[in-house]
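Naming: A, B, ... by sequence-line order, numbering from 1 per chain. Side chains included, hydrogens not; waters and symmetry mates left out as well; all remaining heavy atoms used.
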Protein chains: 2
Amino acid sequence: MKAALLTIGNEILSGDTINTNSSWISKTLKGAGCQVVCQLTIPDSKQQITKGLDQLFSQSPDLIISTGGLGPTTDDVTRESLFDYFNTKSKFDDDYWNELKIRFSRFGHDIPESNRSQALVPKAGKVFSNPIGSARGLRFEKDQVTFMALPGVPIEMKAMIKATVLPWVKEHAPVATYVQTLRTTGLPESVLIEKIDSVAKTDHGCEMGYYPSVYGVDIVLSSTHKESIYHLKNELLPILGTLVYTVGEETMEEIVVHSLIRKKQTIASAESCTGGLVGHRLTQVPGSSKVYLGGVIVYSNMAKIDLLKVKKSTLTRFGSVSEETAEEMSQEVMKQFKTSLGISVTGIAGPGGGTDNKPIGLVYAGLANANGVKTREFQFGDERKTNKLRTSQAVLNWIRLQN
Amino acid sequence: MKAALLTIGNEILSGDTINTNSSWISKTLKGAGCQVVCQLTIPDSKQQITKGLDQLFSQSPDLIISTGGLGPTTDDVTRESLFDYFNTKSKFDDDYWNELKIRFSRFGHDIPESNRSQALVPKAGKVFSNPIGSARGLRFEKDQVTFMALPGVPIEMKAMIKATVLPWVKEHAPVATYVQTLRTTGLPESVLIEKIDSVAKTDHGCEMGYYPSVYGVDIVLSSTHKESIYHLKNELLPILGTLVYTVGEETMEEIVVHSLIRKKQTIASAESCTGGLVGHRLTQVPGSSKVYLGGVIVYSNMAKIDLLKVKKSTLTRFGSVSEETAEEMSQEVMKQFKTSLGISVTGIAGPGGGTDNKPIGLVYAGLANANGVKTREFQFGDERKTNKLRTSQAVLNWIRLQN
């Protein structure tokens with residue numbers, strides 16, 4: 001089953017609001033066996049709504065979903081345009097208007113007159129309920145395409161997709177699509193793809209998608225046959241080995257925290273160039289307080305000496321961005337927090353601070369446990385924020401891989 | 001000047017990746033006097049790329065920008081489709097291929113053959129440079145429309161918009177649109193709007209947009225008349241007072257770091273519920289090492305006692321989430337780092353840990369300086385990640401407002 005999405009709204013088009021609705025709808029529909037094949041964003045304008053609908057109908061999807069433009073304040077452009085497009089008159093729904101009045105009074109407000117438009121229903125066409133807000137959905141049929149209009153407020157849109165759209169899709173979709181994600185980190189996209197090229201080129205019956213981000217590359221397998229995904233996954237996993245940090249949707253920090261909980265380990269962080277990001281990511285995970293006891297951010301040399309007892313001679317001889325400093329930082333933070341592990345990072349995030357010997361993006365990390373300490377060197381790029389993110393991902397990944 | 005955006009990518013259409021590129025481009029172009037009138041997302045398919053280009057060309061914008069599909073792994077659908085659509089043959093750019101080889105070897109990889117496609121250039125059409133990645137941009141002219149293709153990786157796309165697209169827009173836009181943003185924090189959108197309602201309803205000749213986020217509400221004024229913006233801004237600022245943390249695009253952390261640099265102050269952080277986020281945000285700003293010396297993340301009671309010398313009696317009597325604990329944390333961290341300011345946060349981020357007396361979202365912050373210490377209480381919501389972000393924003397804002 002194929003769907004097309006029409007996003008109506010000046011705020012989306014101007015970039016002031018990020019269109020998270022479309023991705024949520026696409027993902028949700030895909031799980032139910034409905035593939036979004038096209039998404040169009042247009043302004044709140046009758047002419048553009050008409051043109052947009054023409055474009056989407058010309059693709060002959062099974063379903064078109066629009067979001068936006070049904071609130072009380074949007075001068076009713078969308079509702080009016082839709083009634084005209086689907087060639088129907090409207091009538092006023094007194095029952096719904098009374099219901100709205102009661103809802104508003106319950107929250108201590110008089111209902112504004114601007115809400116009246118929300119009680120307008122099409123003579124040829126249907127309304128469906130909004131469990132959360134006052135703007136109901138509209139549904140029309142034309143040229144064997146089902147059209148559903150939803151409000152753009154995410155929480156209302158999502159409730160209506162779940163209550164009305166999904167049941168419709170499940171009833172009408174001939175086959176469901178199954179999806180599985182292998183999340184990898186550590187190799188650039190093209191190198192990763194070369195690695196699995198021989199398997200990717202076999203007749204595995206799945207679609208494969210590669211989605212790079214600053215954290216790594218997600219490999220998404222999808223198919224209408226659950227078994228095809230199962231087989232392809234089992235071909236890929238031995239080749240990819242530890243590059244895959246999860247099969248599923250979990251984040252790296254979730255993987256790390258859950259694995260530390262299972263292993264009954266605790267950890268503390270000593271951060272220089274990441275400035276607290278490692279701690280921040282670990283504490284994004286509910287329950288992280290079981291394993292993450294805290295850390296020290298030593299953004300100055302003085303702090304490295306005073307708070308983490310890094311030897312002055314180490315700093316003088318090897319510099320603050322060095323294996324030796326990373327070693328001392330991780331061991332000391334482990335000791336201070338009495339944890340089973342200590343992780344440290346020290347590096348040059350940029351844009352300043354690089355030299356010929358130690359360029360921007362150079363990072364040393366240390367990982368200490370009761371048996372001693374290991375260090376690693378990383379070379380990232382030129383951009384400060386990216387360097388911080390990549391560093392945090394690399395050290396979290398290292399924690400995941402330690403035994 | 002009008003622009004249309006073509007987003008090419010299965011990962012966007014499937015919802016696996018949120019289309020943040022489009023909103024960024026729209027905002028950025030708007031500031032330069034170019035309005036995005038339509039945005040279309042289509043799959044990596046030659047047929048759909050052709051159809052999509054036809055649709056966008058039929059709107060006769062001045063500029064069409066595509067993003068996505070120029071990576072090494074996308075089977076070259078986009079590049080090939082574009083060369084065909086604009087009716088040009090390709091040639092192989094040996095110089096660029098050699099440059100790519102060197103770049104890969106610097107990061108310790110052999111260049112995969114799949115990257116060869118990135119050295120293909122059109123015979124009729126231009127390439128423009130990518131300061132960050134290997135996929136260069138493509139530019140074609142047709143029917144008095146300029147078309148530019150960019151890669152979809154946000155950091156590369158942004159660098160190329162700044163280096164190539166924006167200068168082109170500025171050169172060709174007939175009337176510039178002036179935009180000014182008043183960034184506020186501390187009041188919900190509806191209350192903020194009510195506050196400035198009387199001014200907003202005057203005949204000020206500007207468009208006003210309200211853009212709420214977890215950090216606050218941005219009020220965006222735009223007009224083709226610079227003076228209208230100037231006057232409206234000067235009407236609004238006295239009403240809004242300290243709610244406005246910047247007129248411009250700076251982030252809260254930039255404002256804070258730059259103001260501390262000006263005041264020659266230094267700061268250290270003691271974080272519990274935010275887990276390092278305050279330090280992370282401060283260290284996002286280049287030059288922050290001048291003022292931010294570091295911090296301690298005390299995610300456990302033991303760490304509060306051992307590392308920040310919070311009195312056991314304080315924890316027993318008032319609890320770890322209390323004014324008293326926040327006070328001691330901020331004073332001690334200031335002492336340890338020898339800074340002029342110490343900021344502390346302790347709270348219940350959720351989802352666990354709430355009680356009747358101390359619900360989820362309750363946060364205490366402390367701000368110490370040589371003259372003593374002040375505390376503040378905040379009550380945020382139920383969601384862990386949002387609570388962390390709102391807490392960080394509230395304390396950064398407090399640092400901004402201190403004298």
Side-chain angles (χ1 to χ4, degrees), chain A residues 11 13-20 22-27 30 36-43 55 188-191 193-194 209-212 220 269 275-280 282-284 286 289 292-300 302-303 306-307 336-337 351-352 379 383-386, chain B residues 10-11 13-20 22-27 30 36-43 55 71-73 107 109 112 114-115 153 155 209 211 220 269 275-280 282-284 286 289 292-300 302-303 306-307 336-337 351-352 384-385:
Chain A
E11 78 283 11
L13 212 46
S14 68
D16 293 312
T17 299
I18 291 173
N19 189 357
T20 53
S22 291
S23 67
W24 188 88
I25 295 174
S26 296
K27 268 191 151 171
K30 193 176 178 185
V36 171
V37 292
C38 176
Q39 181 272 330
L40 178 66
T41 309
I42 53 166
Q55 276 182 24
E189 186 185 5
S190 58
V191 181
I193 290 183
E194 203 172 47
Y210 302 94
Y211 306 114
V220 179
S269 56
L277 175 58
V278 174
H280 166 54
L282 288 169
T283 59
Q284 289 290 78
S289 60
Y292 180 69
L293 304 193
V296 183
I297 306 166
V298 284
Y299 215 59
S300 57
M302 205 184 69
D306 289 352
L307 277 95
Q336 288 188 15
F337 282 85
Q379 179 62 56
E383 208 278 317
R384 181 184 186 84
K385 290 177 186 174
T386 311
Chain B
N10 296 329
E11 77 281 14
L13 213 47
S14 67
D16 292 313
T17 300
I18 292 173
N19 189 356
T20 53
S22 291
S23 67
W24 188 88
I25 295 174
S26 296
K27 266 189 151 174
K30 191 178 176 187
V36 171
V37 292
C38 176
Q39 181 273 329
L40 178 66
T41 308
I42 52 165
Q55 275 182 27
T73 59
F107 293 108
H109 300 294
S114 59
N115 281 78
V153 180
I155 190 171
Y211 306 112
V220 179
S269 57
L277 175 57
V278 173
H280 166 53
L282 288 169
T283 59
Q284 290 290 80
S289 61
Y292 179 68
L293 305 193
V296 184
I297 306 166
V298 284
Y299 215 59
S300 57
M302 205 184 68
D306 289 352
L307 276 96
Q336 289 188 15
F337 283 84
R384 181 184 185 84
K385 291 178 186 175

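Remark: A:Thr386 engages A:Glu383 in a side-chain hydrogen bond (donor to acceptor under 3.5 Å, both in side chains) (not counting sequence neighbours). Remark: A:Glu11 engages no residue in a side-chain hydrogen bond (donor to acceptor under 3.5 Å, both in side chains) (not counting sequence neighbours).
In plain terms, the two heavy atoms of B:Ser114 and A:Ser190 that are nearest each other are OG-CB, 3.9 Å. Across B:Val37 and A:Leu13, no two heavy atoms sit closer than the pair O-CD2, 3.4 Å. Between B:Thr283 and A:Arg384 the shortest heavy-atom distance is O-NH2, 2.8 Å. For the pair B:Ile18 and A:Ser23, the tightest heavy-atom approach, listed with the atom from each and the gap, is CG1-OG, 3.2 Å. Between A:Leu40 and B:Leu40, the shortest heavy-atom contact is CD1-CD1, 3.8 Å.
The part of A:Asp306 that comes within reach of chain B is its side chain, from C-beta onward, which places non-hydrogen atoms under 4.5 angstrom from that chain. Contact annotation for A:Leu293: both backbone and side-chain heavy atoms come within less than 4.5 Å of a heavy atom of chain B. For chain B, the nearby part of A:Val220 is the side chain; its heavy atoms alone come within less than 4.5 Å.
Top candidate by heavy-atom pairs under 4.5 Å with chain A, chosen from B:Pro351, B:Pro112, B:Gly209, is B:Pro112. Interface summary for chain A: among B:Val296, B:Leu282, B:Leu277, B:Asn10, the most heavy-atom pairs under 4.5 angstrom belong to B:Leu277. Interface summary for chain A: among B:Ser289, B:Gly276, B:Pro43, B:Gly352, the most heavy-atom pairs under 4.5 angstrom belong to B:Gly276. Of the listed residues A:Ser22, A:Gly275, A:Pro188, A:Gly294, the one with more heavy-atom pairs under 4.5 angstrom with chain B than any other is A:Gly275. Of all the listed residues (B:Gly295, B:Cys38, B:Ser300), the one sharing the greatest number of non-hydrogen pairs under 4.5 Å with chain A is B:Gly295. The residue among B:Val298, B:Ile155, B:Val153, B:Val278 with the most heavy atom pairs within less than 4.5 Å of chain A is B:Ile155. Top candidate by heavy-atom pairs under 4.5 Å with chain B, chosen from A:Ile25, A:Asn19, A:Val36, A:Thr20, is A:Val36. Of the listed residues A:Gln379, A:Gln55, A:Glu194, the one with more heavy-atom pairs under 4.5 angstrom with chain B than any other is A:Gln55.
Taken to the nearest 0.5 Å, the CD1 atom of B:Ile297 stands 4.5 Å off from the OG atom of A:Ser269.
Ring geometry, B:Tyr292 versus A:Tyr299: the interplanar angle falls from 30° to 60°, so the pair is classed tilted.
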